[in-house]
Undergrad: 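One structure follows; several queries about it will come next.
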Amino acid sequence: MSKVYICTAIPYVNGNPHIGHAMDYLLADTYARYRRSQGDEVRFQVGTDEHGNKVYSTAQKNGLSVEAYAAQNSQKFQDFIKKLDITYTDAIRTTDADHVRRCQEIWKQLEPHIYAANYDGWYCEGCESFVTQKEYDENGGICPDHQKPYQKLTEKNYYLRMDDFRDQIRAKIESDEMLILPEFRKQEMLRLLEDTPDISISRPRKQLSWGVPVPGDDEQVMYVWVDALSNYITVLGYPDQDISEWWPASAQFVGKDILRFHTITWPAILLGLDLKLPQKVISHGHVLAGGQKMSKSIGNVVDPMAVLERHGLEAFRYYFLRHIDTFADSDFTWEKFDEAYNNELANDLGNLVQRLATLCRKNEVHGISMPEVVDEEYRKLMDRYEFSKAFDYAWGKVQQLNKDIDIAKPWELAKQGKVEEARNVLSQLVGGLLKASELLEPFLPETSAKIQSIFIADEIVPPSTPLFPKA
RNA sequence: CGCGGGAUAGAGCAGCCUGGUAGCUCGUUUGGCUCAUAACCAAAAGGUCGUUGGUUCAAAUCCAACUCCCGCAACCA
């Protein structure tokens, strides 16, 4: 039995929860449930990232105070997490007073690695923001929104010196002391690391007012990523409390797009604090809609709430944990979702429960207890975070049971008066189903519990409504 | 020459590292069964493995070139 700390990326609250956030939560939750089933003690962090200009300006646009707007959106994520039945233990908001204060403590500790310098860039007065060189080139030096030429502007920033950390980070990635999954992302990050310049970690207050003030410099506010990444340890109480019981994190789950911040910026901060790096950083792919990237402009964004309402939470978890590959981008369409629900959840599993329960009732089979489940193949996959493959593997057990019933034909045994034989066969089949339900538990907790309550009972009775009713 | 991923049956994918009868799921067709949610089981049809060349007794698998798709390129899960 060991202590396990699991982290999820904290979403930026300038919008509604979408499918991608759900992936973080589902993967982390699956892992948390799995580790608990192995007897480990799990601490599981979630939270919301609430600082930054976008939140500030959207709040103003909506005529709300920034605090109220952030609180309102943070609540949406809280509700979302509850709807997904995520078994977290710790929740944090980056606007929490403790978090803000702790970030400032962290900053002070990092000071030996921080220096101030001027940043030159193109700036649009109308947008009140810097633009990248690429944007500048694309727009021919003129802001398309304001029809005014970009200005060259210089501002003061604080920087974190990457040269203090680069060699250490490279060594820890290469040796897998901080294991990046999948493997090809590790290679990507190693290359990226070499090209990473010193990291700008503050903005002048006039540019960014909604954030954590830099201690000792009223004119500067922390760059949001410094504030956001720190949440993984401030939620544990760092630096007020000794966090060595839980840190380093066993696993951090992030989307592929923010992997760089978790494998370069975050390690730099941790090394600056003399803390260990997370043991594993798992980067999942994106959910595509009909083979395309989801985007507001194309209008193909799939609302997770609508998906939840379609067939309920278990079907939601089922699709995104099994048919969305753990590491690669995968496709969601309503058609595929419905197919998976009808053919797999309803026909394979739901129907299996129904037919087996009926056979048990007719043959008066009862008094079955939970079998011991040890499955090396399954554990190997779970330990490698190959969740979609482990789920496939567990599902194979379910499909095999349908075949086994047809081979054993217990209803024929009963007809021939071989009652004892029929009961034996059925007990074995039920045992198989209970084992399968145990493997499915991290993915489909509610279904797994239902199956166990149906078959581990004084009297086995088929559920009055099927587990996965068809429309 | 920015970096990376991919191209295998109608669809989605595995196999490639460690060459040797091309496999899985869904769909289609046929048959079986009747315990079950018109559910389940079995069988069949369907692929010159992106193109061209090379290595080899043998290439989806190794090498080279090419074509086409798709990500990423600093705050977008």
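Only this structure's heavy atoms are used, side chains among them; waters, hydrogens and symmetry mates stay out. Lettering of chains follows the sequences in order, A, B, ..., and the numbering in each one begins at 1.
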Undergrad: May I ask you to say whether A:Lys380 pairs ionically with A:Glu386, meaning some side-chain N is under 4.0 Å from a carboxylate O?
TA: no
Undergrad: Report which part of the nucleic acid A:Pro17 touches: base, sugar-phosphate, or nothing (heavy-atom distance under 4.0 Å, all strands).
TA: nothing
Undergrad: Among B:C40, B:U34, B:A77, which nucleotide has an atom closest to any side-chain atom of A:His21?
TA: B:A77
Undergrad: Out of B:A77, B:A36, B:U37, which nucleotide sits closest to the side chain of A:Arg355?
TA: B:A36
Undergrad: Measuring only the P atom in each nucleotide, how far is B:C66 from B:U56? A whole number of Å is fine.
TA: 24 Å
Undergrad: CG of A:Asp458: more than 12 outside heavy atoms within 6.0 angstrom?
TA: no
Undergrad: Partner lookup for B:G10, please. Criteria are Watson-Crick or G-U wobble with both distances under 3.5 angstrom; report none if nothing qualifies.
TA: B:C26
Undergrad: Measuring from the side chain of A:Lys415 (C-beta onward, heavy atoms only), which nucleotide among B:C26, B:G32, B:U34 has the closest atom?
TA: B:U34
Undergrad: Roughly how far apart, to the nearest Å, are B:A45 and B:A7 at atom C1'?
TA: 25 Å
Undergrad: Is a donor from one side chain sitting under 3.5 angstrom from an acceptor on the other, for A:Asn424 and A:Glu420?
TA: no
Undergrad: What I want to check is whether the side chains of A:Glu50 and A:His99 have a donor and an acceptor closer together than 3.5 Å.
TA: no
Undergrad: Any donor-acceptor pair under 3.5 Å between the side chain of A:Tyr223 and the base of B:C75?
TA: yes
Undergrad: Can you identify which nucleotide, out of B:C75, B:A77, B:G4, has its nearest atom closest to the A:Arg191 side chain?
TA: B:G4
Undergrad: Which one of A:Asp29, A:Asp85, A:Thr447 satisfies the side chain to side chain donor-acceptor pair (under 3.5 Å) criterion with A:Arg317?
TA: A:Asp29
Undergrad: Nearest to the A:Asn351 side chain among B:C72, B:A77, B:A39, which nucleotide is it?
TA: B:A39
Undergrad: Hey, does the side chain of A:Lys403 come within less than 4.0 Å of B:A42's phosphate (OP1/OP2), counting only N and O?
TA: yes
Undergrad: At under 4.0 Å between heavy atoms, what does A:Ala346 touch on the DNA or RNA strands: base, sugar-phosphate, or nothing?
TA: base
Undergrad: Considering every strand and a 4.0 Å limit on heavy-atom distances, what is the contact class for A:His323: base, sugar-phosphate, or nothing?
TA: nothing
Undergrad: Tell me which nucleotide among B:C35, B:A77, B:A74 gets nearest to the side chain of A:Asp257.
TA: B:A77
Undergrad: Counting the atoms with a prime plus P, OP1 and OP2 as sugar-phosphate, which does A:Arg203 contact under 4.0 Å by heavy atoms, base, sugar-phosphate, or nothing?
TA: base
Undergrad: Can you tell which of B:U25, B:C75, B:A39 lies closest to the side chain of A:Lys470?
TA: B:A39
Undergrad: Would A:His284 count as stacked on B:A77 if the rule is ring centres under 5.5 Å and plane angle under 30°?
TA: no
Undergrad: Among B:A77, B:U37, B:C75, which is the nearest nucleotide to the side chain of A:Trp225?
TA: B:C75
